[in-house]
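There's a structure below that I have some questions on.
Just so it is clear: chains get the letters A, B, ... in the order the sequence lines come, proteins before strands, and each one is counted from 1. None of the values given here were measured: they were computed from a predicted structure.
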Amino acid sequence: MNVQTWTFLLVAASFALYIGIAVWSRASSTKEFYVAGGGVSPLANGMATAADWMSAASFISMAGLISFMGYDGSVYLMGWTGGYVLLALLLAPYLRKYGAFTVPDFVGDRYYSQLARIVAVVCAIFVSFTYVAGQMRGVGIVFGRFLEVDVNVGVGIGMAIVFFYAVLGGMKGITYTQVAQYCVLIFAFLVPAIFLSLMITGTPIPQFGLGGVEQASGMPLLERLNGLHRELGFGPYTSGTKSTLDVFFITAALMVGTAGLPHVIIRFYTVPRVRDARISVGWALLFISLLYTTAPAVAVFARTNLINSVQDVPYSEVPEWFTKWEDTGLLAFNDANGDGRIQYVGPESSMTNELTVDRDIMVLANPEIANLPAWVIGLVAAGGLAAALSTAAGLLLVISSAVSHDLLKRSFMPEINEKQELLAARAAAGVAVIVAGYFGMNPPGFVAQVVAFAFGLAASSFFPAIILGIFSKRTTREGAILGMVSGITFTAAYIVYFNFVNPEANNAANWWFGISPEGIGTVGMLLNFAVTIVVSRMTPEPPAQVQVLVDLIRVPRGAGEAHELSI
Amino acid sequence: MTDSSEHSHADERPSVTDPETVARHAEYWRRNIRLLGMLLVVWFVVSYLCGIIFAEALNAFTLPFTNFPLGFWFAQQGAIYAFVILIFVYVKLMNDLDREFDVDEGASS
């Protein structure tokens, strides 16, 4: 069987599985729709969180990014995993104890203010929409390249699948689908990595292979790659080019952003007890780290393979994958010196670079570059789709619950009954799918950047409000609202200025203290903390009932099912 | 703030006026903060110090029995392993602390 048949087969089989699960786990109440009834086992929740969290960016783009960035790519590895430590220690157990349905629920109740709730809803919707558009683009890329269907048709199919299980099943359907999607995506990521590790280093474990010896040259792999880089005029792979301060700030923004992303936080409302919330963050990170410690190995294997298979090769003899990716425009060769050979060189080389490679294709092209069997290539396509769809569904749920629960039920139409609320939730999820699909088909050119910025925005808005809400009783409504508004406004303004208003100025010389827009969320977060703390000291302390509520959140005993607490 | 009666948990709330309970909860919270502080120091050291600030200096060494430059290893492998271990250590110590202060949730809720 050829690649395309395998791909069709594996993608169709995985879709059938998702639909089957969706039918089996329909939600019948708002509680099932928002928090899967609150009875998910910690292990299953950990797996679902891992799939929820690992998006098309993690699966498709990250290893490729690292492949080109070398050490600098560490910001993603540490940033997107270190946030779970914050989540486990500072957020998940307390939010579970509080037992709300959504993040704005907590913010609104803790800060005894509808305004705080609305600010939180706006932040949640904004962060989630920017993020979901990127997922739909990922779906489009996979369909476009592997099934050779039109990108719009691909996005349409993806929308239909998500629509089906998110709208029908709500959190319950999403949770169990995500468990299946985790299995598909991790299998799809590990299989090619193991193949590559065996081929290049002779050990089946990619994490060891990365620190092992390249069989072809008998040299340590990383040393060999550094040598190739030096020869071709790239900087050494294991040292970075970004300033240490910038790496520090970007890592911090990604970590804190991870801990502040609403679609991740709400997953911890779905388990029965506080201790389940704690351990399920541990399971989640364990499952995530399987992919995250493999990705840097894949990055190095891919980089070595790419250099070995294209550098100084006559264009007439390029392998089949090369021409296929050229057709998508993601790979381009321009024979600058007219010698008919590909010169792939870095900025420090005396020659002109003739090859441009889009970072997004490395993971997808990897199995082909390494000549792996056709079914592995099909598997990677199914894995990429699983990663994109699982994250999209989690985000759509945040958007739908923000509309039906936070805006309608808790703010503007408190008189609606549960049935109407459930209907509103489904309708909102449906509309959100369509909007996301529109962005997937007509991606604004800046989707990829915007996804990275979603972290900065989450870091500078939610994280301080939630942390201080739990750890400082003195934090007041006025402090939290002004803090969130100033944090997110500052961060958004910096990002918008350097990316859209004055993109020519987007370089280290113009950045404040050399902090790039990716890292500015950390500054926004610090600003948010400072504003919240200062304003809280100057305003009347929170009502006694709110202080009692904070005391209750701090001790685990008495956490019932997810519910709305009266204060 | 309205509340539907089916969701009410008023009966499950511990008494917060009883001085003994208040003092016990305060001590529990103090110990919790101390534990969090210690774990977050480790979190900071493995990632921000070993993986970023001192990464270049640590690259002069290799991780024993492998060919990893040490700083690079922390940034792309070691920090992540440490994070996973940190969370499981936290879960163990925190569950113990809950029991010690009698604020745990029991075997089943």
Side-chain angles (χ1 to χ4, degrees), chain A residues 66 71 73-74 77-78 81-82 84-86 88-90 93 99 108-109 112 207-208 210-213 220-223 238-240 244 247-248 251-252 255 272-275 278-279 281-282 285-286 289 292-293 296 414 471 548 551-552 554-561 563-567, chain B residues 1-4 6-10 12-14 16 22 25 28-29 32-33 35-36 39-40 42-43 46-48 51-53 55-56 59 62-63 65-69 71-77 79-84 86-88 90-91 94-95 98 101-106 108-109:
Chain A
I66 299 167
Y71 167 81
S74 311
L77 293 165
M78 286 188 285
T81 53
Y84 279 83
V85 177
L86 299 176
L89 272 55
L90 305 176
D109 291 354
Y112 45 100
Q207 287 85 343
F208 294 164
L210 176 59
V213 171
L221 179 61
L222 288 166
E223 204 175 298
T238 53
S239 309
T244 304
V247 170
F248 191 103
T251 307
M255 278 197 194
R273 292 171 303 175
V274 172
R275 52 192 289 185
R278 289 182 191 139
I279 191 78
V281 189
L285 186 59
L286 184 71
S289 68
Y292 272 62
T293 55
F471 287 84
V548 170
D551 276 326
L552 285 177
R554 291 177 176 185
V555 290
R557 181 165 294 168
E561 297 160 331
H563 61 287
E564 297 163 18
L565 205 76
S566 66
I567 56 166
Chain B
M1 306 300 148
T2 53
D3 186 15
S4 51
E6 64 190 297
H7 287 139
S8 175
H9 279 259
E12 288 179 31
R13 292 180 193 175
V16 284
V22 170
H25 285 182
Y28 167 77
W29 188 246
N32 175 20
I33 301 282
L35 176 62
L36 295 184
L39 294 173
L40 287 176
V42 179
W43 167 80
V46 295
S47 51
Y48 293 95
I52 297 175
I53 293 178
E56 203 52 53
N59 276 346
T62 52
L63 183 75
F65 310 112
T66 70
N67 298 299
F68 280 112
F72 179 80
W73 179 79
F74 266 108
Q76 302 212 338
Q77 298 274 304
I80 302 174
Y81 298 135
F83 295 152
V84 175
L86 270 176
I87 296 183
F88 281 95
Y90 165 76
V91 171
M94 215 45 210
N95 286 345
D98 287 355
F101 283 85
D102 193 29
V103 292
D104 62 304
E105 299 155 289
S108 63
S109 68

Check: B:Trp29 ring centre within less than 6.0 Å of A:Phe471 ring centre: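 Yes.
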For B:Glu105 against A:Val274, the heavy-atom pair lying closest together: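 Closest approach of B:Glu105 to A:Val274: OE2-N, 2.7 Å.
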Non-hydrogen atoms of A:Gly240 and B:Glu56 that approach each other most closely: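 Looks like N-OE1, 4.5 Å.
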Portion of B:Asp98 that has a non-hydrogen atom of chain A nearer than 4.5 angstrom: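 Only the side chain of B:Asp98 comes within 4.5 Å of chain A.
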Nearest non-hydrogen partners of B:Leu39 and A:Leu89, listed with the distance: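 Closest approach of B:Leu39 to A:Leu89, heavy atoms only: CB-CD2, 3.8 Å.
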Chain A contact via B:Ala82 - which portion, at a heavy-atom distance below 4.5 Å: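 When you check distances to chain A, no heavy atom of B:Ala82 falls under 4.5 Å.
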Contacting moiety of B:Ala75, where chain A heavy atoms sit under 4.5 Å: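 Interface part for B:Ala75: both.
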Pick from B:Ile80, B:Val91, B:Thr66 with the largest number of heavy-atom pairs that fall under 4.5 Å of chain A: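 The residue among B:Ile80, B:Val91, B:Thr66 with the greatest pair count is B:Ile80.
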Closest non-hydrogen atom pair between B:Asn67 and A:Gly212, with its separation: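 Scanning both residues, the minimum pair turns out to be ND2-O, 3.5 Å.
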From CG (A:Leu222) to CG (B:Asn59), nearest 0.5 Å: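 The CG atom of A:Leu222 sits 10.0 Å away from the CG atom of B:Asn59.
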Reported OH-to-OG1 distance for the pair B:Tyr48 and A:Thr251, which is rounded to 0.5 angstrom: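 Separation between the atoms: 6.0 Å.
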Which of A:Thr238, A:Leu77, A:Thr244 touches chain B most, by non-hydrogen pairs under 4.5 Å: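 Greatest number of close heavy-atom pairs with chain B: A:Thr238.
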Residues forming a side chain to side chain donor-acceptor pair (under 3.5 Å) with A:Ser74, sequence neighbours excluded: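 With neighbours one apart ignored, the set is B:Gln76.
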Shortest non-hydrogen separation from B:Gly51 to A:Tyr71 and the atoms involved: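 Smallest heavy-atom distance, with atoms named: O-OH, 2.5 Å.
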Most contacts with chain B, counted as non-hydrogen pairs under 4.5 angstrom, among A:Met78, A:Glu223, A:Gln207: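 Maximum pair count with chain B is reached by A:Met78.
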Closest contact, heavy atoms only, A:Pro296 versus B:Gln77: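 For A:Pro296 versus B:Gln77, the nearest heavy atoms are CG-NE2, 3.4 Å.
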A:Leu285 CG to B:Phe88 CZ distance, which is reported to the nearest 0.5 Å: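 So the gap between those two atoms works out to 8.0 Å.
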Sidechain N-carboxylate O distance under 4.0 Å for A:Arg557, B:Asp102: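 Looking at B:Asp102 together with A:Arg557, the answer is yes, because their closest N to O distance falls below 4.0 Å.
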Residue, of B:Leu86, B:Thr62, B:Val84, that accumulates the most heavy atom pairs under 4.5 Å with chain A: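 Going by pairs under 4.5 Å, I would pick B:Val84.
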